[in-house]
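Inspection log for the structure reproduced underneath, given as structure tokens.
Sequence lines set the chain letters: A, B, ... in the order given, protein chains first and strands last, and positions in each chain run from 1.
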Number of protein chains: 2
Amino acid sequence: MGTSRGTKPATIGVVAARAGASVASVSRVLNGDERVSPEMRARVEAACRETDYTPNAAARSLRGRTTRQISLVVEDIGNPAYVEAMRSLQDLAREHGMRLLVESTYGQLEEELKVMHDLGERYVDGVVLASTRFADRLTRELRNPAVPVVVIGSAPRDVQVDSVGADARGGAREAATHLREQGCARIAMVNGPVDTLPATSRLEGFRDGLGPDADPPVVHAEAFTHAAGYAATTRLLDSGAAPEGILCANDQLAIGTLNACVDRGLRVPDDVALVGMDNSRDAGICRPRLTSVDLRFADRGRLAGQMLLDRIQGRYDGAPRRQSVYTELVVRGSSDRGGAAA
Amino acid sequence: MGTSRGTKPATIGVVAARAGASVASVSRVLNGDERVSPEMRARVEAACRETDYTPNAAARSLRGRTTRQISLVVEDIGNPAYVEAMRSLQDLAREHGMRLLVESTYGQLEEELKVMHDLGERYVDGVVLASTRFADRLTRELRNPAVPVVVIGSAPRDVQVDSVGADARGGAREAATHLREQGCARIAMVNGPVDTLPATSRLEGFRDGLGPDADPPVVHAEAFTHAAGYAATTRLLDSGAAPEGILCANDQLAIGTLNACVDRGLRVPDDVALVGMDNSRDAGICRPRLTSVDLRFADRGRLAGQMLLDRIQGRYDGAPRRQSVYTELVVRGSSDRGGAAA
DNA sequence: CTGTTAGCGCCTTCAT
DNA sequence: ATGAAGGCGCTAACAG
């Protein structure tokens with residue numbers, strides 16, 4: 001026979017009738033308008049309770065042209081770094097009575113384009129975009145989005161959009177330097193897919209750290225995942241490189257690299273020292289723990305959300321702002337050949 | 001000066017004007033109604049393109065009383081098992097032109113209540129709920145939800161709601177039996193928080209597997225997290241239990257347990273064999289790899305989504321349906337004392 | 001095949 | 001302090 005969901009929800013009109021008031025008064029009470037007598041307020045509130053009234057989000061959105069929803073678009077929600085950004089963003093949204101939608105595009109340009117295009121439907125008030133492959137088409141799409149957009153990560157220089165970057169290049173440089181200081185003779189890099197922005201900047205930083213004369217082996221993984229890191233490292237080791245230190249472009253790759261090394265009987269950090277990037281949750285759950293460059297995704301998620309709210313709530317309406325956070329090398333056991341850290 | 005977002009989006013009215021048609025015709029074209037002449041269709045489509053028209057989601061929702069959004073409510077989005085459910089659910093949603101909202105409640109009853117209450121706003125067409133602590137109040141709330149709800153996990157017997165369970169008790173039993181077969185003399189359990197449903201059923205299964213005469217040590221972690229698993233295991237080992245096998249109530253706890261063992265110099269699986277539950281991504285990223293009971297969260301996410309769509313799209317309107325999936329023990333290195341598996 | 005129109009539920013001037 | 005009424009953008013009758 002079906003559930004009792006048949007009883008359709010009360011509207012503001014029903015509440016008004018029940019309270020012997022006008023819809024306007026009910027609306028005022030609902031929205032905390034001062035200009036209502038205490039008795040009226042009491043009657044309306046009682047009526048709301050009695051009718052189990054809840055405002056209709058669609059009607060409010062249509063009328064108020066605001067949805068109280070924001071969206072986070074990431075490439076792969078399996079990546080713990082994005083999960084951290086998501087979490088802080090969700091907390092922020094909640095503090096402001098907003099909801100968070102999550103779209104995972106799996107690095108498919110088509111998906112990202114579709115998501116950005118759908119923004120025209122205005123089902124969200126704004127978007128935080130964490131994308132690694134800014135193709136030309138997406139760039140163009142971003143020139144005039146229907147709602148505010150804030151990018152987490154490196155936005156191309158010619159794209160005019162708010163962004164919260166991190167000095168990944170500097171972080172990679174520091175990591176490479178650290179590996180040298182640990183006495184690693186040959187240092188290699190397990191990088192991300194060639195066509196991604198992070199791969200570019202992190203490789204630059206890696207080379208910065210090793211100096212212009214070095215010609216270090218670099219392999220590119222097919223994705224920023226454990227499996228891809230494992231496969232890429234296998235290729236690297238099979239090539240006979242025999243590195244004493246490896247910088248991985250993110251922690252997921254580093255975990256894959258760690259496992260590849262372990263499975264070959266290499267001792268970490270004695271035979272080979274490892275450094276990852278992101279300092280995500282992954283870094284603490286392996287043994288040895290992973291040295292990693294903290295790219296502060298949680299902070300950046302919140303910062304991005306704040307910039308977005310500035311736009312949404314009209315507090316800021318100027319030229320695109322580019323924020324950048326400091327990065328920090330967190331040394332743990334995977335690279336500590338002195339023997340101090342765990 | 002601000003961006004060019006000032007140009008407000010075209011409505012169906014301007015498209016109609018531009019095409020020299022009525023709004024009805026435009027609406028028909030938009031919705032694939034057959035009863036329009038090819039010329040009309042062409043004109044309207046051109047006008048849509050020229051005006052860069054995109055339908056307004058709020059107006060459609062208000063009119064059609066459907067939002068094309070569903071929501072996933074989980075306790076902790078940091079748990080990879082939920083991430084898997086989320087992923088498959090998002091894929092399903094996308095296939096049906098729907099969007100997914102994610103709410104992470106961190107096990108706060110207040111948050112869950114609020115989320116369930118907000119459903120009255122009808123900002124989503126339905127909800128998939130993955131909750132571990134069904135308090136009485138939530139149970140009551142669930143008695144008459146504003147939109148369809150499907151539960152992933154064990155719904156209490158007296159709650160009338162669609163659900164997709166897994167035979168966790170049977171899985172735990174199988175895991176305990178497996179540990180016995182591996183020759184573990186003393187077997188302990190690192191369980192989840194006492195007041196959670198999974199903790200109960202998994203403990204039952206664990207006891208089933210060890211037999212009625214056993215009185216195994218059981219510690220309860222404060223949460224289903226790595227850190228809590230580490231802490232609980234430390235307590236267990238400090239108590240002098242010296243188990244040769246440990247069943248952990250989920251993979252996150254198991255990772256924590258693994259690290260606690262490693263940090264104490266215990267060899268896994270030789271000194272102590274470990275089994276987790278969920279068979280999430282975590283199980284494959286540690287060394288040794290984690291033996292785990294597959295609770296099939298990805299499958300269950302999709303199944304839950306399908307049951308939800310059945311309700312939303314009116315294909316099913318009967319009594320609550322309870323599905324349950326089989327579980328499967330996946331043996332890996334952490335418990336393999338024979339020496340076969342990796 | 002095409003157009004006109006009512007109304008989804010709400011907020012907000014504008015009057016009183 | 002309260003009420004009446006228009007309209008947000010769209011779809012689905014209903015009329016022609």
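In this structure, CZ of A/R65 is placed 17 Å from P of C/dC10, rounded to the nearest angstrom. In this structure, A/L30 atom CG and C/dG9 atom C1' are separated by 12 Å, rounded to whole Å. The separation between A/L62 atom CG and D/dC10 atom P is 9 Å, rounded to whole Å. Here C/dC8 presents its C1' atom at 21 Å from OH of B/Y123, a figure rounded to the nearest Å. Between the P atom of C/dC8 and the CG atom of A/N56 lies a distance of 11 Å, rounded to the nearest Å. As a whole-Å value, the separation of A/D33 CG from C/dT12 P is 9 Å. A straight line from CD of A/E34 to P of D/dT2 spans 13 Å, rounded to a whole angstrom. Atom CZ of B/R60 and atom C1' of C/dG7 are 18 Å apart (whole Å).
Mapping A/G64 and B/G64 onto DNA chain C by nearest heavy atom places B/G64 closer to the 5' end of the strand.
Taken to the nearest 0.5 Å, the CG atom of B/L101 stands 9.5 Å off from the CD atom of A/Q90.
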Taking N or O atoms only and anything under 3.5 Å, show me the protein contacts with nucleotides 4-7 of chain D, one pair per line.
| unit_1 | atom_1 | unit_2 | atom_2 | d |
| --- | --- | --- | --- | --- |
| D/dG6 | N2 | A/R63 | NH1 | 2.9 |
| D/dG7 | N2 | A/R63 | NH1 | 3.4 |

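If you check every strand for non-hydrogen atoms under 4.0 Å, B/A21 touches sugar and phosphate atoms only.
B/R133 places no side-chain N or O within 3.5 Å of a backbone atom of B/Q108 that could act as its donor or acceptor partner. B/R43 places a side-chain N or O within donor-acceptor distance of the main-chain N or O of B/A19, the cut-off being under 3.5 Å. In terms of modelled atom types and a separation under 3.5 Å, the side chain of A/S27 and the main chain of A/V23 share no donor-acceptor contact. In this structure a side-chain-to-backbone donor-acceptor pair under 3.5 Å is present from A/D125 to A/R68.
If you check the side chains of A/E75 and A/S104, you find no donor sitting under 3.5 Å from an acceptor.
Interface residues of residues 35-55 of chain B facing DNA chain D, ordered by number: B/Y53, B/P55; criterion, heavy-atom separation under 4.0 Å. Near DNA chain D, meaning a heavy atom under 4.0 Å away, there are no residues from residues 10-19 of chain A.
Partners of A/E141 under the side chain to side chain donor-acceptor pair (under 3.5 Å) rule, at least two apart in sequence or in another chain, do not exist in this structure. Listed by chain and number, the residues in a ring pair (Phe, Tyr, Trp, His ring centres under 6.0 Å) with B/Y123 amount to none (sequence neighbours excluded).
Checked for salt-bridge contact, A/R41 and A/E34 miss the test: no charged N lies under 4.0 Å from a carboxylate O. The pair B/E84-B/R302 does not meet the salt-bridge criterion, since no charged nitrogen lies less than 4.0 angstrom from a carboxylate oxygen.
Contact annotation: A/S25 side-chain N/O to D/dG3 OP1/OP2 distance is under 4.0 Å.
Judged as a salt bridge (Lys or Arg N to Asp or Glu O under 4.0 Å), the pairs with a partner in residues 9-21 of chain B (not counting sequence neighbours) are, in order, B/R18-B/E50.
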